[in-house]
Amino acid sequence: MEEKCIQLLHFSVVLLVIYGNTTAVGVSSEAKIRCMEREKQALLQFKEVVVDDYGVLLSWGSEEYKRDCCKWRGVRCNKSTGHVTKIDLHISFFAQRLTGKISPSLLELQHLKYLNLGGNDFGGNQIPVFIASFSRLQYLDLWGNSFHGPIPHQLGNLSSLRYLDLSENQLDGGNIEWLSHLSLLRHLDLSVVDLSQATNWTETINSLPFLKNLHLRHCQLSNVVPFNSSLSLEVLDLSDNDLSSSIYSWLFNLSNGLVDVYLSSNQLKGLIPDSFGNMISLVNLDLSLNQLEGGIPKSFSNLTHLQTLILHHNSLNGTVTKSIGQLSKLEYLDLSSNNLKGMISEEHFSNLSTLNYLDLSFNSLALNISSDWIPPFQFGAILLSSCKLGPYFPKWLHNQSNFLELDISGAGISDVVPAWFWDLPHKLRYLNLSYNQMNGLLPDLSLKISGDLEIDLSSNCFTGHVPRVPSNVTFLSLSKNMFSGSIYFICTSIGVQLIYLDLSNNQLSGGLPDCWEKFEYLHIINLANNNLSGKLPNSMGSLNNLQALLLRNNSFHGELPTSLKNCEKVIYIDLGRNRFTGEIQAWIGMHLTSLIVLSLRANKFYGGIPETICHLNHIQVLDFSQNDLLGELPKCFNNFSSLVKNDGFEAPYHLWYQKSHGLYTVKQFYGGNALLQWKGQEREYTKNLRLLKIIDLSSNKFCGKVPKQVATLAGLVSLNLSRNNLTGQIIQEIGQMKMLESLDLSGNRLSSEIPTSLTRLNYLSLLDLSNNNLSGKIPSGTQLQSFNASAYSGNPQLCGLPLANKCPREEIVVKPPGKDTRSQEEEEEDRFITAWFYISMGFGFAVGFVVVFGTILFSSSSGHAYFQFLDRIHNWLEAAAPEGMRTCAEVEVDQVEYPIPAMPVFSNSFLKGITAQFFMCNLLWMKCVLKDCNMLFWIT
Ligand SMILES: *[C@@H]1O[C@H](CO)[C@@H](O)[C@H](O)[C@H]1NC(C)=O
Ligand SMILES: *[C@@H]1O[C@H](CO)[C@@H](O)[C@H](O)[C@H]1NC(C)=O
Ligand SMILES: *[C@@H]1O[C@H](CO)[C@@H](O)[C@H](O)[C@H]1NC(C)=O
Ligand SMILES: *[C@@H]1O[C@H](CO)[C@@H](O)[C@H](O)[C@H]1NC(C)=O
Ligand SMILES: *[C@@H]1O[C@H](CO)[C@@H](O)[C@H](O)[C@H]1NC(C)=O
Ligand SMILES: *[C@@H]1O[C@H](CO)[C@@H](O)[C@H](O)[C@H]1NC(C)=O
């Protein structure tokens, strides 16, 4: 839609320019008429006040040769009176904007009929009220002028107005009743004006009998009252509002019959009414991005003038009616992203001789077309992603020689791509054959195409060397094929336009070529999972726009070239599983400060970690594991501000632009995928990478204490320091790392007791403290007992559950909660728990418990609230369990089970589930309480 608007805009710009030129010719032929001095002075004052950085008003001036203001750019006069009647200063290039203010001197131009200032930037000012004094004004266009604030109601005085465009400002429409005085209005565009307060806007529109074009896109409209059937509306644009009814039946009763209807991006529900069949003048219909259901009405066959039909992103189901094939004027058909199913046959296209754009992607459609079918159209774009076309390569493409875009990804084609296909149209912009099982060798494609091009052949079975590709390729993905040989074609075949290069998961070998300096636009390089070797060439340092460098799992060696420090925009580096060596250089932290992911995993880096690494304050994944790094860990981890924050993972993950379907679509980029050690396993992550906040320094030779600054990383989800030579205690403040789900400190020489604050980590689901020198009792907490005993093994002096090694009796002392360490908020929560607990006991414990417990479980979608809840019970029990009950713990210890922590599943009976949850958090006291209340029978 956006593109459509832009096209329309250009169109009108062109028209106006043409119009302007013809009048200019007319004026020059009547040289005697000069403009009025007073009007000229008014215009000069206007020029004085605006800021004209681009010389738009160069022809305006007081010099003698400029004396006739009727010849100034954008100014036109009445030939017989000499009065200025027209000012047209709308922008022709976006960059060439006037800024500043509009001088009230313009008021002098009392004969003005036409005022167009569209696109200039009158930054943040209100629409000047004096505009309402141009009593002869017929045409007023203040499109995109950065006006703010309310629209002056005095504009209602402009009773001659036929054309009014106030769109694309930041205006507050308020009550728009003043519009009803503009009874001659033909064209009204208030798009992007906030009309949420204009509750009876429809009544106002109903009082404009001549209105033909109404554009109220993105106006925050939520209700519509029926339009008068006597209105002569032809174009209705209500797209991108909050309309949530079914499609209005009054649309079909408007007297003239609508020509263009744009209702996309609302929440319209229900069926597409059959009555559309009566709207026989309809040319363009866009109902996309709503919640429409049911089928495409058969009555559409009546719409013989229809050129554009856009229904994508709804919930339309059923089959595609064959009557679509009767729409002989249809040029643009987009039914993508619905639930349509069934076959598309030749009949569906029988009369569509002008069809240019067809998008059936993301439905459950299959094309059932005979191999000798010759389409009646030459398409410009055909997008059939996830439509079943295979197993054979569609022969009907043979006759298509003009297309710009072709997407037959995920189409179930497992065939050799025929040679004729590679004779691609030279206007091609977008080719997506990914996710099929196409095979065969690719021919040389280099000479055939001019212009920017995106090629995605990924996830197929293509073999042989990578062919030469068209030099103007911007996006090239050949990943997940069986290409072999070297990648020197990059230097010889690809031009400077390259933005995205993905050759990952092939069998490519040899070194990297040294020609990277030419790729000044290259954002992403993914060469992971090949057999590439050699050193990284120096010229990679000239990739000024590089955002991601993925070289994982190859055989690269040598040191990283210092020139890489120039890639200051890089956010993602994954060099894991290679043979890189050298020290981790200080420049990484000093220059690559945009980094979000830095993985040097499984290489041969040596030496210490430079302090500068802490300058990476966007970092979310820092993985130096499996190297030969040594020395102490830096004490500045609190500088990793992205890891310190736990406020909903809002990393500055990057956007890049992909040109596809003729549009620039914004894609969120998480670096493609990452190989990470996560919960004990090395796995490749492709989704939700932005949710991971990880530090992995495992399997090195780090020594000394774990710096206490680590505890400030309240957003960290996984911390792995295992298999090093770390000493000292586990940091006492570890309980501050509230988001921690995985903590591996195994295989070090950590000593002393496990800090009790560890029990505060409500999300912790993987813990490994094995093979250290820890001692004392494992703190009893919400989950600590639920881990497997192996999490604590190899610490001979450690005791208590879940280890079989019992602590000496006197060590079981329940500490009263330390008031000093607890926030007021936590105490509030405790009071709440205590209160309900006693109330429950009054009513009958089990019932009360089930109710409250059940509510919390079912009302929380994550485990978070649940664990917090258990934590609170635990705290309450520690504080409040009566003195005499404490010994119960030991009595019952042997019967306590420790199921793995997981969300409760009440498979058999609700009560049984609860039992398990009690044990899960090791509520020894709870069990005693229950027993004493005679409730044990209820639950075991
Ligand atoms: C010019 O002004 C005269 C006198 O007011 C008027 O009759 C005529 O229609 C105007 N011409 C145009 C093109 O507006
Ligand atoms: C619109 O609403 C305003 C009050 O919000 C009222 O004064 C006005 O009469 C209404 N106009 C119409 C046409 O109903
Ligand atoms: C098609 O249009 C005619 C009027 O031209 C109307 O009578 C008829 O009902 C329409 N058909 C459908 C299926 O709506
Ligand atoms: C389409 O969806 C509607 C409900 O949205 C349902 O009633 C109808 O049966 C579905 N039709 C088909 C053909 O699946
Ligand atoms: C294609 O690339 C060449 C350089 O490789 C460039 O000169 C030419 O202008 C580009 N063509 C288009 C249409 O972008
Ligand atoms: C661990 O550190 C100690 C000194 O603190 C040293 O003697 C020992 O060799 C180190 N072990 C390893 C495997 O590096």
Side-chain angles (χ1 to χ4, degrees), residues 15-16 18-40 42-43 68-72 74-88 106-116 133-141 158-163 184 186 244-247 263 266-274 276 287-300 311-324 335-345 348 360 362-366 368 386-388:
L15 272 187
L16 291 170
I18 292 168
Y19 179 47
N21 284 346
T22 47
T23 41
V25 172
V27 167
S28 61
S29 67
E30 226 163 303
K32 275 177 234 159
I33 302 301
R34 299 226 197 107
C35 74
M36 313 262 156
E37 187 58 26
R38 283 164 56 190
E39 297 190 353
K40 179 169 155 188
L43 289 170
D68 186 358
C69 70
C70 298
K71 292 181 182 164
W72 291 354
V75 180
R76 293 295 170 262
C77 306
N78 179 316
K79 282 175 222 162
S80 48
T81 66
H83 284 297
V84 173
T85 54
K86 175 171 174 178
I87 298 182
D88 183 357
L106 285 189
L107 252 182
E108 190 61 46
L109 310 175
Q110 274 305 313
H111 295 262
L112 205 61
K113 288 183 174 173
Y114 185 111
L115 178 61
N116 186 349
S133 317
F134 295 120
S135 57
R136 294 183 168 89
L137 207 60
Q138 296 181 4
Y139 186 107
L140 177 60
D141 191 345
L158 299 173
S159 55
S160 309
L161 217 52
R162 285 158 171 77
Y163 186 107
L184 299 177
R186 262 75 165 169
S244 57
S245 64
S246 54
I247 290 184
L263 297 174
N266 282 288
Q267 291 126 46
L268 296 170
K269 297 179 182 59
L271 307 175
I272 300 180
D274 269 332
F276 270 108
L287 303 176
S288 61
L289 294 153
N290 280 294
Q291 292 153 23
L292 298 168
E293 300 173 322
I296 301 168
K298 290 204 169 44
S299 64
F300 272 24
L311 302 176
H312 66 82
H313 287 94
N314 279 289
S315 304
L316 301 177
N317 64 2
T319 56
V320 178
T321 160
K322 287 192 174 127
S323 51
I324 293 264
L335 306 178
S336 63
S337 299
N338 280 290
N339 304 323
L340 298 167
K341 47 180 174 282
M343 295 287 182
I344 299 289
S345 63
H348 281 96
L360 301 177
F362 309 115
N363 285 287
S364 306
L365 296 168
N368 180 18
S386 83
C387 292
K388 188 163 179 343

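Computed from heavy atoms alone, side chains included, the values below leave out hydrogens, waters and symmetry copies. Ligands are counted one by one from 1 in listed order, and the atoms in each one are counted from 1 as well. Keep in mind that this is a model prediction, so the values were computed, not measured.
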Please examine the side chains of Leu268 and Asn314, heavy atoms only from C-beta on, and report whether any two atoms are closer than 4.5 Å. no
Taking the side chain as every heavy atom from C-beta outward, state whether His313 and Ser288 have any atom pair closer than 4.5 Å. no
SG to SG, are Cys77 and Cys70 under 2.5 angstrom apart? yes
Output the list of atoms in ligand 4 that are nearer than 4.0 Å to some heavy atom of Asn317, sorted by atom number. 1 (C), 2 (O), 3 (C), 8 (C), 10 (C), 11 (N), 12 (C), 14 (O)
With a 4.0 Å heavy-atom cut-off, what residues sit around ligand 1? Asn78, Ser80, Thr81, Lys113
Just to be sure I read this right, does ligand 4 sit under 4.0 Å from the backbone of Lys341, its side chain, both, or neither, counting only heavy atoms? side chain
Using side-chain heavy atoms (C-beta onward) and a distance below 4.5 Å, is Leu292 in contact with Leu316? yes
So do Leu140 and Asn116 actually touch side chain to side chain, heavy atoms under 4.5 Å? no
One finds that the ligand 4 atoms under 4.0 Å from a non-hydrogen atom of Glu293 are 5 (O)
Are the side chains of Leu112 and Val84 in touch, meaning some heavy atoms are under 4.5 Å apart? yes
Any side-chain heavy-atom pair of Leu289 and His312 under 4.5 Å: yes
